[in-house]
S.K.: 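One structure is given below, represented as C-alpha cells, and several questions about it will come after.
Below, all heavy atoms of this structure are taken into account, side chains as well, without hydrogens, waters or symmetry copies. Only a predicted model underlies this, so the values are computations on that prediction, with no experimental measurement involved.
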Amino acid sequence: MAEENPKKPLLGLTPDELRNVARELGMPAFTGRQLAQWIYKRHAADIDEMTNISKQNREKLKAAYTIGMMAPKDCQRSKDGTVKYLFPVNCDHPAKDGQERFVETVFIPDGERATLCVSSQVGCKMNCLFCQTGKQGWQGNLTAADILNQIYALPEHERLTNIVFMGQGEPMDNLDAVMRATEVLTADWGYAWSPKRITVSSVGVRGKLKRFLDESQCHVAISLHSPISEQRARLMPAEKAMPIAEVVELIRHYDFTHQRRLSFEYIVFGDVNDSQVHARELIKLLKGLECRINLIRFHQIPDVPLHGADEKRMENLRDYLTAHGVFTTIRASRGQDIYAACGLLSTTRKAEEDSH
C-alpha cells in the first residue's frame, strides 16, 4: 500500500527549487547547490551520503524528502545482451487500489554504444493497433522523478551513451514531465548531456509537438507507419486528431539540416503498408525534408490481425526509398525473446503474474 504522506523526491528539481527546499527547512540557501551536486554530479543514493551537509540538516531533509531513487523490482536478460527492467513509479494518478505501479525500461548495448529506451506513462491513451502498451489502457503519467529514476537507478547508468523516449506511453501526452526530465539531462547543473544524445518520439499530438519543437533541441522521431491517412487512422487512432500530413507540415518549419535529427518510425506489416504504392506515397509526403526512415520489424501480439513483412519485402522497400532520396534503414530487432522489442512493452502481464 502507498504511504499516506509519502516523502517528496528531490530528483528532478532544479537548483532554484532545491534552494527553496533548503530555505523552507531553515537551511542556508547554498545547501540547494550542494543538493544539486550530490544528486546530479555525484549520483548519491541516499541523503546520508551528503557529508558536507550537517547531520542535523540531513535529518530535516530525510523527514520530508527522499532522493527519489527506486531500484528496479525485476529484470530479464535477452540472449542478444538487451536487458529489460521493471521500475516502480509513483505516477501522478495514484491507483485506487493502492497497489504499486510499474513501467518497463530497456537497456540496449551495442558495441561502444548503449541506449536506454525509457517510458513516460503507465499504459497509453493512443491505443495503436500494433502496440501492446496501448492494450493495457492509460493508467497515469510518470512524474519527472519517475522518468529520471529509470536512468538514475539503472545498474548500467555509467555506460549510457543515448536515451530514447520510445518506451511505454506517448511522450507528448506527458510533455511537462518529459521536458523537465530532458532539462535535467542537458543542463550544465544536471547531467550536462548534449541534446543530440536524446531522441523523443511522438505519434503527433496537436499543440504539444509544436511546443516540443520550439523549446527542445533533442532529436525527434515521428511514428508514421502509413503515409495514407485512412489506413494510418485504422492503425493509429491519433491520426484523426492530428493527421500525418499536418505533422509533416508543422515539421517543415524547423531546421533539421544541422545537428538536430528527424526520423520517421515505420513498422512494416506484411501486405498492409509494404507496397510500392506506400513507398511512392512516403516519397511524396516527405519530399524536401532532411530526414531518415527507420523500418521496424513487426512482432506479433495477441488478437491483432497483422503479421510482419518478409525480409526481402523490407529490403526492397528500403532500397526503393533510398534510391529516391529518402535515406532508409532497417532497424535491428533487439530483445524479442524477453518481450522487449518495439511494441511489446506491457506491465499488465507482469501485474497479473505478481497477483498469483
Side-chain angles (χ1 to χ4, degrees), residues 117 124-135 164 166 170-172 199 201-205 209 220-252 261-334 336 339 341-346:
C117 180
C124 185
K125 295 177 185 175
M126 299 301 125
N127 197 24
C128 297
L129 178 62
F130 47 83
C131 180
Q132 190 70 48
T133 300
K135 306 304 174 202
V164 294
M166 296 182 183
E170 161 57 52
M172 301 298 153
T199 300
S201 71
S202 180
V203 300
V205 178
L209 179 58
V220 183
I222 301 296
S223 299
L224 204 168
H225 311 309
S226 176
I228 300 167
S229 181
E230 297 80 8
Q231 183 181 57
R232 188 173 187 260
R234 291 193 295 271
L235 295 168
M236 307 169 67
E239 168 72 11
K240 297 164 190 169
M242 191 175 184
I244 190 61
E246 287 187 21
V247 174
V248 172
E249 186 55 35
L250 172 63
I251 285 169
R252 289 190 187 280
R261 191 169 64 236
L262 169 65
S263 58
F264 290 89
E265 309 295 294
Y266 196 91
I267 297 177
V268 188
F269 308 108
D271 302 316
V272 173
N273 63 349
D274 58 349
S275 71
Q276 201 166 95
V277 170
H278 290 89
R280 286 197 294 268
E281 289 298 319
L282 283 168
I283 292 160
K284 192 189 304 180
L285 178 69
L286 305 179
K287 186 176 181 181
L289 272 182
E290 186 71 31
C291 66
R292 73 165 63 195
I293 294 178
N294 293 318
L295 301 181
I296 302 167
R297 294 170 181 84
F298 175 62
H299 304 288
Q300 195 75 40
I301 64 174
D303 305 317
V304 171
L306 295 168
H307 63 274
D310 64 47
E311 199 68 20
K312 186 63 179 171
R313 195 89 162 170
M314 291 187 71
E315 289 171 359
N316 289 343
L317 187 57
R318 175 197 64 195
D319 295 345
Y320 186 92
L321 291 167
T322 299
H324 287 79
V326 182
F327 179 59
T328 304
T329 61
I330 298 174
R331 182 189 289 169
S333 185
R334 301 290 300 273
Q336 186 180 356
Y339 297 96
C342 186
L344 296 182
L345 298 185
S346 172

S.K.: According to the salt bridge (Lys or Arg N to Asp or Glu O under 4.0 Å) rule, which pairs have a member within residues 288-310, sequence neighbours left out?
M.R.: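 Applying salt bridge (Lys or Arg N to Asp or Glu O under 4.0 Å) to every pair that reaches into residues 288-310, excluding sequence neighbours, yields R297-E311.
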
S.K.: With sequence neighbours excluded, tell me which residues meet ring pair (Phe, Tyr, Trp, His ring centres under 6.0 Å) with F298.
M.R.: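 By the ring pair (Phe, Tyr, Trp, His ring centres under 6.0 Å) rule, F298 matches F269.
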
S.K.: Holding to side-chain hydrogen bond (donor to acceptor under 3.5 Å, both in side chains), I want the full list of residues that pass it with K284, two or more places apart in sequence or in another chain.
M.R.: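 In terms of side-chain hydrogen bond (donor to acceptor under 3.5 Å, both in side chains), with neighbours along the sequence ignored, K284 is linked to E281.
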
S.K.: For K125, does the NZ atom sit with more than 12 other heavy atoms under 6.0 Å from it, leaving out its own atoms?
M.R.: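 Check passes, neighbour count above 12.
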
S.K.: Provide the closest heavy-atom pair for V247 versus G204 in the form atom of the first, atom of the second, distance.
M.R.: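 Closest pair (atom of V247, atom of G204, distance): CG2-CA, 4.0 Å.
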
S.K.: Look at the aromatic rings of H225 and Y266 and report parallel, tilted or perpendicular, splitting at 30° and 60°.
M.R.: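 Correct class here is tilted.
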
S.K.: Measure across L295 and M314 and return the closest heavy-atom pair with its distance rounded to 0.1 Å.
M.R.: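 Heavy atoms only, the tightest pair is CD1-O, 3.6 Å.
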
S.K.: Please round to the nearest 0.5 Å and tell me the distance separating atom CG of L321 and atom CD of Q276.
M.R.: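 Spacing of CG (L321) from CD (Q276) equals 10.0 Å.
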
S.K.: Heavy atoms, side chains only, cut-off 4.5 Å: are L282 and V326 in contact?
M.R.: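 L282 does not reach V326 side chain to side chain.
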
S.K.: For a 4.5 angstrom cut-off between non-hydrogen side-chain atoms, does M166 reach S223?
M.R.: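 No; the side chains remain at least 4.5 Å from each other.
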
S.K.: With sequence neighbours left out, write down each residue that passes ring pair (Phe, Tyr, Trp, His ring centres under 6.0 Å) with H307, or none if nothing qualifies.
M.R.: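 None.
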
S.K.: Return the CG to CD1 distance between L306 and I267, rounded to the nearest 0.5 Å.
M.R.: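 With rounding to 0.5 Å, CG (L306) is 9.5 Å from CD1 (I267).
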
S.K.: How long is the straight-line distance from SG of C131 back to CE of M126, given to the nearest 0.5 Å?
M.R.: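 So the gap between those two atoms works out to 11.0 Å.
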
S.K.: Mark yes or no for whether H278, through its side chain, and I228, through its backbone, hold a donor-acceptor pair below 3.5 Å.
M.R.: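 No; judged by distance alone, with no hydrogens or angles, the pair does not exist.
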
S.K.: Answer whether the closest heavy-atom distance between the side chains of N127 and K135 falls below 4.5 Å.
M.R.: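 Yes, side chains in contact.
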
S.K.: Any sub-3.5 Å donor-acceptor pair from E265's side-chain atoms to A221's backbone N or O?
M.R.: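 Flag not set: sc E265 to bb A221 has no pair under 3.5 Å.
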
S.K.: Counting C-beta onward and ignoring hydrogens, is there a side-chain heavy-atom pair between E249 and E246 closer than 4.5 Å?
M.R.: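 Heavy-atom side-chain distance check fails, nothing below 4.5 Å.
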
S.K.: Looking at CG of N273 and CG of L317, how far apart are the two atoms once the value is rounded to the nearest 0.5 Å?
M.R.: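 The CG atom of N273 sits 8.0 Å away from the CG atom of L317.
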
S.K.: If I take atom NE2 from residue H299 and atom CD from residue Q336, how far apart are they, to the nearest 0.5 angstrom?
M.R.: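 Reported to 0.5 Å precision, the distance equals 4.5 Å.
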
S.K.: Would you mind listing every side-chain hydrogen bond (donor to acceptor under 3.5 Å, both in side chains) that reaches into residues 313-324, with sequence neighbours excluded?
M.R.: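 For residues 313-324, and leaving out neighbouring residues, the side-chain hydrogen bond (donor to acceptor under 3.5 Å, both in side chains) pairs sorted by first residue read D274-R313.
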
S.K.: If you compare all heavy atoms of S226 against all heavy atoms of I244, which two are closest, and at what distance to 0.1 Å?
M.R.: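 That would be O-CG2, 4.4 Å.
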
S.K.: Quick one: closest heavy-atom pair of S202 and M172, and the distance?
M.R.: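 What the structure gives for the nearest pair is OG-CG, 3.1 Å.
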
S.K.: Evaluate the side-chain proximity of L209 to I222: yes if any heavy-atom separation is below 4.5 Å, no if none is.
M.R.: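 Yes, close enough: below the 4.5 Å cut-off.
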
S.K.: I'd like to check M242 versus V205 (side-chain heavy atoms, cut-off strictly below 4.5 Å). Are they in contact?
M.R.: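 No, side chains not in contact.
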
S.K.: List the atom of P227, the atom of L224, and the distance in Å for their closest heavy-atom pair.
M.R.: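 Closest pair (atom of P227, atom of L224, distance): N-CD2, 3.7 Å.
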
S.K.: Taking atom SG of C291 and atom CZ of R261, what is their separation to the nearest 0.5 Å?
M.R.: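 The distance works out to 12.0 Å.
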
S.K.: Kindly state each residue pair satisfying salt bridge (Lys or Arg N to Asp or Glu O under 4.0 Å) with at least one member in residues 223-244, sequence neighbours excluded.
M.R.: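 Matches after skipping sequence neighbours: R232-E239.
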
